[in-house]
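What follows is a short report on a single structure.
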Amino acid sequence: MSLDLTAATPEAPTVADDGVWLECIECGETFAPFSAIRYTCDDCDGLLEVRYADPPTFDDFEGRGVWRYAAALPFEMGVSLPEGDTPLHHVPRLEEEIGVERLRVKHEGMNPTGSFKDRGMTVGVRVAKELGVGRLACASTGNTSAALAAYGARGGMPTLVLLPSGKVAAGKIAQAALHDARILEVDGNFDDCLDIVQDLAARGEVYLLNSLNPFRLEGQKTIGLEILEEFHADHGTYPDRIILPVGNAGNTSALYKCFRELVQSGALDVDDVPKLTGVQAEGAAPMVEAIEEGNDEVRRWPDVETIATAIRIGNPVNAPKALPGIRETGGTAVSVTDEAITDAQRALASEGVGVEPASATSIAGLRKLREQGVVDEDEQVVCLTTGHLLKDPDAAFAAGNKPEDVPNDTEAILDHLAE
Ligand code: F0G
């Protein structure tokens with residue numbers, strides 16, 4: 001199977017362009033990478049992956065940010081703001097409270113538009129230029145639209161975004177608006193928006209930059225490369241487990257692909273591959289259902305709801321790539337309540353790390369798995385936080401302290417503080 005952790009480095013087919021090609025994960029059909037626009041397999045409609053004849057080792061990387069990892073990407077440079085190089089925070093109080101040997105938090109909210117999506121867009125918009133497409137588009141719970149709008153603007157390309165009406169956090173719409181995206185608010189959920197934008201792409205109206213686009217995931221692989229490099233530099237070992245929020249399961253797929261390519265090149269031992277552990281909100285947990293029930297396919301949830309609007313998704317389109325990733329690495333998936341998400345958001349904030357609700361699911365998931373004994377006390381864990389606190393100001397207000405009205409007078413303020 002092409003998604004096995006120990007699959008050998010593939011031979012370049014004749015369609016390869018400079019050692020890069022697209023391959024269907026279901027039927028193995030191969031395609032030239034940049035000769036035509038395609039998102040899925042022409043033959044069986046399976047998901048496509050970018051493949052390389054020469055997967056990278058750690059010695060191949062130089063510079064900073066996403067493009068440090070050019071040897072793992074289809075281009076030397078992209079449309080850049082720049083992105084990546086995000087902090088891997090120590091969180092000593094949380095580490096102690098949760099009770100693991102080591103806990104670090106990779107804060108992807110520190111990217112230019114405040115989420116990990118920028119890593120995908122720097123590559124995706126570069127590919128769009130290579131293909132010579134016109135309008136860029138995505139369906140989004142918010143962050144993808146903010147990133148696409150900014151990178152489209154940077155690349156001088158028009159953007160169209162489809163959002164589920166009333167379900168996108170204010171900071172994200174503000175970004176898409178100011179970066180000049182055309183914003184369509186659809187009377188439906190994210191999955192409905194994605195169905196429509198796929199229709200538009202199939203009709204040649206737009207170039208699709210959701211994570212169904214295999215090039216997006218190439219950029220997002222660099223989250224894994226940064227974690228492995230920095231963790232190893234600091235601790236002389238690799239993390240036992242990486243825990244992350246799951247929506248469309250793009251990041252889960254991208255991290256797994258990162259590990260597979262490093263194993264192929266001999267840079268990473270199979271035994272050192274971190275256990276990929278996905279977390280969803282209870283009201284939108286089709287991946288967790290599939291893992292718990294041992295299903296090969298994910299059942300689409302028609303109705304989804306959660307405070308973590310970024311991952312309010314019932315049809316994780318990358319599940320065929322992500323399920324093998326969770327299983328082959330020995331990881332798992334778990335769902336958490338909205339209350340646990342808000343608690344985790346507060347706990348991160350108390351360490352100075354400000355995240356949006358979806359991001360806090362990684363910590364909420366770790367807490368639950370630790371309580372259940374699924375995660376051991378001697379584990380070294382990295383939790384991914386995917387988006388910045390300012391993305392969702394309303395959730396932050398609701399979770400945080402309330403401002404207090406006071407008179408314009410020092411004595412009165414001292415009295416108020418003494419109360
Ligand atoms: N965390 C945040 C903050 C997100 O915005 C998303 C996805 C995820 C996690 C899930 O990542 O899809 O790779 O599993 N947001 C998309 C969007 C759907 O439109 O912004 P995934």
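In each ligand, atom 1 is the first atom listed, and ligand 1 is the first ligand listed.
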Answer yes or no: is there an ion pair linking E305 with R312, defined by an N-O contact shorter than 4.0 Å?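 Salt bridge between E305 and R312, a charged N being under 4.0 Å from a carboxylate O: yes.
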Any salt bridge between K257 and E261, counting N to O under 4.0 Å?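 Answer for the salt bridge query: yes.
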If you count the atoms of ligand 1 from 1 in the order shown, which ones are under 4.0 Å from a heavy atom of [X]?
X    : value
T141 : 15 (N), 16 (C), 17 (C), 18 (C), 19 (O), 20 (O)
I311 : 8 (C), 9 (C), 10 (C)
I313 : 18 (C)
N248 : 12 (O), 14 (O), 18 (C), 21 (P)
T144 : 16 (C), 17 (C), 19 (O), 20 (O)
V246 : 14 (O)
N143 : 2 (C), 3 (C), 4 (C), 5 (O), 20 (O)

Report yes if the side chains of [X] and [Y] come closer than 4.5 Å at any heavy-atom pair, otherwise no.
X    : Y    : answer
E229 : E226 : no
C24  : D43  : no
T385 : K106 : no

Would you say ligand 1 has an N or O under 3.5 Å from any N or O of [X]?
X    : value
T386 : yes
S140 : yes
G250 : yes
Q220 : no
G387 : no
N251 : yes

What is the nearest protein non-hydrogen atom to [atom], stated with its residue, atom name and distance?
atom                    : value
atom 10 (C) of ligand 1 : G247 N, 3.4 Å
atom 11 (O) of ligand 1 : F116 CZ, 3.5 Å
atom 4 (C) of ligand 1  : A310 CB, 3.6 Å

Indicate, with yes or no, if the rings of F215 and Y39 have centres closer together than 6.0 Å.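 Ring centres of Y39 and F215 not closer than 6.0 Å.
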Less than 6.0 Å separating the ring centroids of Y238 and F259?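 No, the ring of Y238 stays outside the 6.0 Å limit from the ring of F259, centre to centre.
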Whether the side chain of R93 engages the backbone of S350 through a donor-acceptor N/O pair (distance < 3.5 Å, no angle test) should be reported.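 Between the backbone of S350 and the side chain of R93 there is a qualifying donor-acceptor contact (under 3.5 Å).
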Backbone of V288 reached by a side-chain donor or acceptor of Q280 within 3.5 Å: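 Yes; judged by distance alone, with no hydrogens or angles, the pair exists.
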Selection from H388, E356, E108, K117 by shortest heavy-atom distance to atom 16 (C) of ligand 1: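 Heavy atom nearest to atom 16 (C) of ligand 1 belongs to K117.
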Could you give me the CA-CA distance, side-chain angles and deciding distance for V20 and V50, then say whether side chain to side chain contact (heavy atoms under 4.5 Å, CB included) is met? CA-CA 7 Å; V20 180; V50 182; 3.7 Å; yes
Report the part of A249 (side chain from C-beta onward, or backbone N, CA, C, O) that has a heavy atom under 4.0 Å from ligand 1; answer both or neither where that applies.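 Near ligand 1, A249 shows its backbone, while the atoms from C-beta on stay back.
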Pick from E108, Q175, E356: which one makes a side chain to side chain donor-acceptor pair (under 3.5 Å) with N143?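 For N143, the side chain to side chain donor-acceptor pair (under 3.5 Å) check succeeds only for E356.
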